[in-house]
Number of protein chains: 2
Amino acid sequence: MKKPHVTIHDIAKELNVSASTVSRALQNHPRISESTRTAVQKMAEQYNYQPNVAAASLRSGRSKTVGVIVPRINRNFFSNVIGGLEESLAASGYHLMICQTHEQYANEASAIQTLINARVDAIILSISMETRNNEHLQGLMEKEIRLFFFDRALEDVETGSVVVDDKLGAYLSVKHLLEQGYRRIIHVAGADHINIYHARKEGYLQAMNEAGIEVPDQWILEKPLMVQGGEAAFLTGMNLSPKPEAFFCAGDYAALGVLQAAKSNGVNVPEDLGITGFANEPFTAFLEPSLTTVDQKGGVMGKMVAQMFLNCEEKTTLSATCEKIVLQPELIIRNSSILNR
Amino acid sequence: MKKPHVTIHDIAKELNVSASTVSRALQNHPRISESTRTAVQKMAEQYNYQPNVAAASLRSGRSKTVGVIVPRINRNFFSNVIGGLEESLAASGYHLMICQTHEQYANEASAIQTLINARVDAIILSISMETRNNEHLQGLMEKEIRLFFFDRALEDVETGSVVVDDKLGAYLSVKHLLEQGYRRIIHVAGADHINIYHARKEGYLQAMNEAGIEVPDQWILEKPLMVQGGEAAFLTGMNLSPKPEAFFCAGDYAALGVLQAAKSNGVNVPEDLGITGFANEPFTAFLEPSLTTVDQKGGVMGKMVAQMFLNCEEKTTLSATCEKIVLQPELIIRNSSILNR
DNA sequence: AAAAACTGTACAATCGATTGCGCAAATTCA
DNA sequence: TGAATTTGCGCAATCGATTGTACAGTTTTT
């Protein structure tokens, strides 16, 4: 007893008008009389008519869906962004199609193909660690699919983006450490070719520079930003002499690694060693000591990208798509970096 | 310089055959000769032909997308499930369309409508806290859209589901507490009309029962499973006399609330009070003491639902869709529940 | 009053892939 | 050799919505 979907033809037949009139009435086309318009709309309501997106998409070439590509969907930051995107876009009748790259370029390229194939109206992308060029994005230009970056962006692609001011976040974090009295501050850095990690390093260097502190190369430890990377950084760093007084980590998991290593080596945090992270992962609030970190405003970021896309859709000008929004990060000061003296 | 998408007609023209031949060749239709088949496929490859999903969907009525509805996408468990789903389904050429309910029935109903409207091939659902009946699911039957539940399921709907054995998880957790020597164990429970929370309570009761412990009503505290709920439960529970010796919480955040309240009230964990949670949120490993909890196998669950759906797609029998898979949860024993005596 | 402009609607093509039907050529069978 | 079957492929309808064009009837302009 399958009830088929109601079509405009069903409505048309019921009202003795043509399907095109129904279509126009539903779009509030000016050339449809008030009376038939309301009649059609009432009938559509009554039958719970839902337009067939496939048909509309086929004809119009626009699918009312947006593709989202993230490294991993189950990272707190990314799922927050997706949450924000979903809220804003669903309100305007758009759907989300989600792909993960697992930080691999090949997956990213195939996700792009998949989404082109699905005729998405736009792609919202945060590039993988492996991504260093934009070859895989060429197809989008050819097919005139809009592209937006968030958080991790390729510098040389002219397109809209919403990022957080990573340099500022790092700067604030390091400045805070300096104000607390920590001087010899190690930076546990991420892969330098990713814009955000590069920017975090820059912020670190600027803060140190302004404080008149020379940063030797050994103070910058590029590591995988995971617990193990943090542990490794701790061991390497604590072998220096004089010993470092604080670690500014470009990621929370690395900071966690440093913290755990410090504890198991009998180093007191924050008294003997200050630690700050980056990302405001939920667990950071519950660590002991709780971890100072930088919030990247994932939800807000998602909403802003959505808004940027929706703006572009309204004015059909395909230009003006390359607005670049930079959000202010928020330094969240917790116990891992507070020296009471 | 927009390059339009390549269609079967382009390929047909190039090879001087008809579009239908191209279509059949690409589907390995038996009535197409080996030679033209390979010629078509080679040409399709060369032109990087991608079928237009909208057109295929319109004609065939199947969209090659699956709708997923979760309470919140940025909860660790749900994003793990989605990750698992995405991996398995992408491999078979399916896309995911994701909606969140924010635990509200109205949102769930409208998400269903949205997905019906998008002509998804199936809907994979974990119901919201507010959902108590299946009225909003009726439309799916009429439209013959397959439905699968994961984790949170409605008992009275005949459809496939993958859940974790919540009762067992709770049982194992409470049994572990009992083996450690804790006797007066409070249960911080979730809303009882949700199958999973009901099952966790049952597991608790069974373990207590087997240990010959009578559970007075006051030991079961139904609270919102968040930090505040845990704090409230701690305060209520510790007012009992004799004082409880452990808290088994139906959620990790509630357990965190209990833990924090215990600490700020000078109650030592695990010496004076054992605590266990449920869900294996990432932060639980980093608490002090680290929190004993139950892992729900989110990634595996996602993969299994995906597999169940794919199996149904193969054999076009619309029956046999109501297989019910129950996964074994894993008790993760950490420091918050270990009494060394 | 004739011409011009506007209103309201229908017709039909279109988007791209799928598929039932039909037909000719090739092959098998009697 | 003629009939029956099989093979290979094209034609044309179809899915449902959109949209340019046409056209009759009305209203406005000159």
Side-chain angles (χ1 to χ4, degrees), chain A residues 2-41 43-44 47-65 93 116-119 121 143-144 316, chain B residues 2-41 43-44 47-65 93 116-119 121 143-144 316:
Chain A
K2 168 162 176 165
K3 284 192 202 172
H5 292 272
V6 179
T7 73
I8 49 172
H9 295 95
D10 300 329
I11 297 178
K13 203 171 294 170
E14 197 75 16
L15 293 172
N16 283 318
V17 294
S18 75
S20 40
T21 300
V22 174
S23 174
R24 290 191 169 100
L26 292 171
Q27 302 175 67
N28 289 319
H29 190 285
R31 292 280 272 278
I32 298 293
S33 71
E34 190 54 35
S35 58
T36 57
R37 183 203 318 287
T38 54
V40 167
Q41 291 180 347
M43 190 66 66
Y47 280 15
N48 188 26
Y49 165 75
Q50 302 288 127
N52 182 320
V53 277
S57 164
L58 177 57
R59 181 68 231 264
S60 64
R62 1 199 49 270
S63 61
K64 279 277 190 178
T65 58
I116 290 180
N117 183 4
R119 296 341 189 238
D121 293 342
K143 300 294 188 300
E144 288 186 357
T316 342
Chain B
K2 166 160 177 166
K3 284 192 202 172
H5 291 271
V6 178
T7 73
I8 50 171
H9 296 95
D10 300 329
I11 296 177
K13 202 171 294 170
E14 197 75 17
L15 293 172
N16 283 319
V17 293
S18 75
S20 37
T21 300
V22 174
S23 174
R24 290 190 171 102
L26 292 172
Q27 301 174 67
N28 290 318
H29 190 285
R31 292 283 270 278
I32 298 293
S33 71
E34 191 53 37
S35 57
T36 57
R37 184 202 317 287
T38 55
V40 167
Q41 291 181 346
M43 189 65 68
Y47 279 16
N48 187 28
Y49 164 77
Q50 302 289 126
N52 183 323
V53 278
S57 163
L58 177 58
R59 183 66 228 268
S60 65
R62 358 199 52 268
S63 60
K64 279 279 192 176
T65 57
I116 289 180
N117 183 3
R119 300 331 192 244
D121 293 342
K143 300 293 190 300
E144 290 187 355
T316 343

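Basis for what follows: all heavy atoms, side chains included, without hydrogens, waters or symmetry-related copies. Letters A, B, ... are given to chains in the order of the sequence lines, protein chains preceding strands, and every chain is numbered from 1.
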Using whole Å, report how far CG of B:N52 lies from P of D:dC15.
18 Å

Under-3.5 Å donor-acceptor pair between B:S33 side chain and D:dC9 base:
no

Any side-chain N or O of B:Q27 under 4.0 Å from OP1/OP2 of C:dT19?
yes

With a 4.5 Å heavy-atom cut-off, do A:T7 and A:N52 have their side chains touching?
no

Counting just side-chain N and O atoms, does B:T21 come under 4.0 Å of either OP1 or OP2 of D:dC9?
no

From D:dG16, C:dT19, D:dT19, pick the nucleotide closest to the side chain of B:R24?
C:dT19

Within the modelled atom types, does a donor on one side and an acceptor on the other bring the side chain of A:R59 and the base of C:dG16 under 3.5 Å apart?
no

With no angle test and no hydrogens, is the base of D:dC11 tied to the side chain of B:S20 by a donor-acceptor pair under 3.5 Å?
yes

Would you say a side-chain N or O of A:Y49 is under 4.0 Å from OP1 or OP2 of D:dG16?
no

Flag the pair B:Q41 / B:N28 as yes when at least one side-chain heavy-atom distance between them is below 4.5 Å, and no otherwise.
yes

Report yes if at least one side-chain N or O of B:T36 is closer than 4.0 Å to OP1 or OP2 of D:dC9; otherwise report no.
yes

Over how many whole Å does the gap from B:I11 atom CD1 to D:dG10 atom P extend?
14 Å

With side chains defined as the heavy atoms from C-beta onward, is the minimum distance between A:Y49 and A:L26 less than 4.5 Å?
yes

Round to the nearest Å and state the distance from B:R31 atom CZ to C:dC23 atom P.
14 Å

If you define the side chain from C-beta out and look only at heavy atoms, does anything of B:M43 sit under 4.5 Å from B:L15?
yes

